[in-house]
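The analysis underlying the following values was restricted to heavy atoms, covering all of them including side chains, and did not include hydrogens, waters or symmetry mates. For reference, positions follow the sequence shown, starting with 1.
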Amino acid sequence: MASISTPVDLSPLSIRTRPLLRLGQLIGGLVLYGASMGFMVRAQLGLDPWDVLHQGLAQRLGWSFGAVTALTGVAVLLAWLPLRQRPGIGTVANVVVIAISVDTTLGLTPPIDALPGQISVMIGAIVLNGFATAVYVGARLGPGPRDGLMTGLHARTGWSVRLVRTLIELCVLAAGWLLGGTVGVGTVLYALAIGPLAQFFLRFAAVREKKDLCP
């Protein structure tokens with residue numbers, strides 16, 4: 001049986017390899033990812049670290065939240081160059097599908113006022129986000145800008161996905177907080193939990209080549 005610490009191959013696979021299965025996994029993972037973002041907003045107990053950074057930059061630059069999100073995405077894509085990461089279908093789909101999913105979730109989910117409900121939704125959203133990350137990244141059709149940074153560092157350093165993701169989230173969180181972004185208990189919990197969650201779910205969600213399945 002494979003060890004929990006065994007590296008997971010997240011390098012892109014040709015679209016010709018089980019295309020229907022992987023495209024379905026990609027879209028499904030992105031829909032769930034967007035939904036988890038919407039639920040985090042409705043929980044009102046803190047944004048995830050990247051959105052804390054976006055909010056802090058928006059306040060400093062006087063730009064809209066969406067414009068800053070796009071700017072950050074471009075900057076992160078530039079960071080792919082030394083990591084030799086290449087964009088794929090998943091990179092483009094990340095922007096479109098998540099945007100639609102998060103807006104739909106916010107439109108269908110009413111505000112939550114009771115603290116027990118907020119806590120429950122927050123925890124569920126974080127777990128769902130970790131699962132969704134593993135599902136769509138595991139399709140190996142190209143990660144989104146921010147997850148591509150994670151997979152690139154994972155491949156180049158040999159560090160676990162858990163460690164790389166946690167370090168990225170903590171650095172982004174610190175930068176966003178220094179810029180004036182809003183931090184809550186959900187932010188801290190997300191930053192600490194998302195790495196281990198993604199690492200755990202990737203063991204089951206990552207698509208493997210036939211040679212990897214051989215004993």
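- The cluster map of Ile, Leu, Val, Met, Phe, Trp and Tyr, joined by side-chain heavy atoms under 4.5 Å apart, puts Leu81 and Ile168 in different clusters.
- Using a 4.5 Å heavy-atom cutoff, the side chains of Leu173 and Tyr190 are not in contact.
- Across all their heavy atoms, Ala205 and Ala134 have their closest contact at CB-O, 3.6 Å.
- Applying the salt bridge (Lys or Arg N to Asp or Glu O under 4.0 Å) rule to pairs touching residues 164-186 yields Asp147-Arg165, Arg165-Glu169, sequence neighbours excluded.
- When every heavy atom of Leu26 is checked against every heavy atom of Ala139, the shortest pair comes out as N-CB, 4.0 Å.
- Here the OG1-CG distance, from Thr104 to Leu108, works out to 6.5 Å after rounding to the nearest 0.5 Å.
- For the pair His154 (side chain) and Val164 (backbone), a donor-acceptor distance under 3.5 Å is absent.
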Side chain to side chain donor-acceptor pair (under 3.5 Å) evaluation trace for Asn94 with Tyr33
CA-CA 9 Å; Asn94 179 282; Tyr33 192 99; over 6 Å; no

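- Arg22 places a side-chain N or O within 3.5 Å of a backbone atom of Thr17 that can act as its donor or acceptor partner.
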Please assess Val135 against Leu32 for the test side chain to side chain contact (heavy atoms under 4.5 Å, CB included), listing each intermediate value before the final yes or no.
CA-CA 9 Å; Val135 169; Leu32 292 177; 5.6 Å; no

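- Taken together through direct or relayed side-chain contacts under 4.5 Å among Ile, Leu, Val, Met, Phe, Trp and Tyr, Ile27 and Leu20 form parts of separate hydrophobic clusters.
- Of the possible polar contacts, one joining the Asp48 side chain to the Asp51 backbone as a donor-acceptor pair under 3.5 Å is found.
- Both Ile123 and Leu115 are members of a single hydrophobic cluster when ILVMFWY side chains are connected at heavy-atom separations under 4.5 Å.
- Taking 4.5 Å as the limit, some side-chain heavy atom of Leu45 sits within range of a side-chain heavy atom of Ile119.
- Counting heavy atoms of neighbouring residues, nucleotides and ligands inside a 6.0 Å radius, atom CH2 of Trp80 exceeds 12 of them.
- Contact between Met40 and Ala125 at its shortest, heavy atoms only, is CG-CB, 3.8 Å.
- Under the 4.5 Å side-chain heavy-atom criterion for grouping Ile, Leu, Val, Met, Phe, Trp and Tyr, Trp50 is not connected to Leu78 through any hydrophobic cluster.
- Minimum interatomic distance between Gln118 and Ile112 (heavy atoms only, all atoms of both residues): NE2-O, 3.0 Å.
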Side chain to side chain contact (heavy atoms under 4.5 Å, CB included) between Met122 and Ile126, worked out:
CA-CA 6 Å; Met122 176 194 69; Ile126 292 172; 4.1 Å; yes

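- Under the 4.5 Å side-chain criterion, counting only non-hydrogen atoms from C-beta, Pro196 is in contact with Thr166.
- Closest approach of Leu179 and Arg60 over heavy atoms only: O-NE, 3.2 Å.
- The shortest distance between side-chain heavy atoms of Arg18 and Val207 falls below 4.5 Å.
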Val52/Gln55 under side chain to side chain contact (heavy atoms under 4.5 Å, CB included): CA gap, chis, key distance, verdict:
CA-CA 5 Å; Val52 173; Gln55 184 184 58; 5.6 Å; no

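- Of the possible polar contacts, none joining the Arg162 side chain to the Gln199 backbone as a donor-acceptor pair under 3.5 Å is found.
- Listed for the Ser101 side chain is a donor-acceptor partner under 3.5 Å among the backbone atoms of Val31.
- Note that the CZ atom of Phe131 and the CZ atom of Phe204 stand 10.5 Å from one another [nearest 0.5 Å].
- Within the 3.5 Å criterion, the main-chain N or O of Ala206 finds a donor-acceptor partner in the side chain of Arg208.
- Heavy-atom contacts from other residues, nucleotides or ligands closer than 6.0 Å to CZ of Phe201 number more than 12.
- Thr187 places a side-chain N or O within 3.5 Å of a backbone atom of Leu47 that can act as its donor or acceptor partner.
- When all heavy atoms are compared, the tightest approach of Gly29 to Ala132 is O-CB, 3.4 Å.
- Between atom CZ of residue Phe39 and atom CG of residue Asn129 there is a gap of 12.0 Å, rounded to the nearest 0.5 Å.
- Each of Leu21 and Leu141 belongs to its own hydrophobic cluster when Ile, Leu, Val, Met, Phe, Trp and Tyr are linked at side-chain heavy-atom distances under 4.5 angstrom.
- Atoms OG1 and CD1, from Thr133 and Ile194 in turn, are 4.5 Å apart once rounded to the nearest 0.5 Å.
- Separation of atoms CG (Leu61) and CG (Leu71) is listed at 7.0 Å; rounding is to 0.5 Å.
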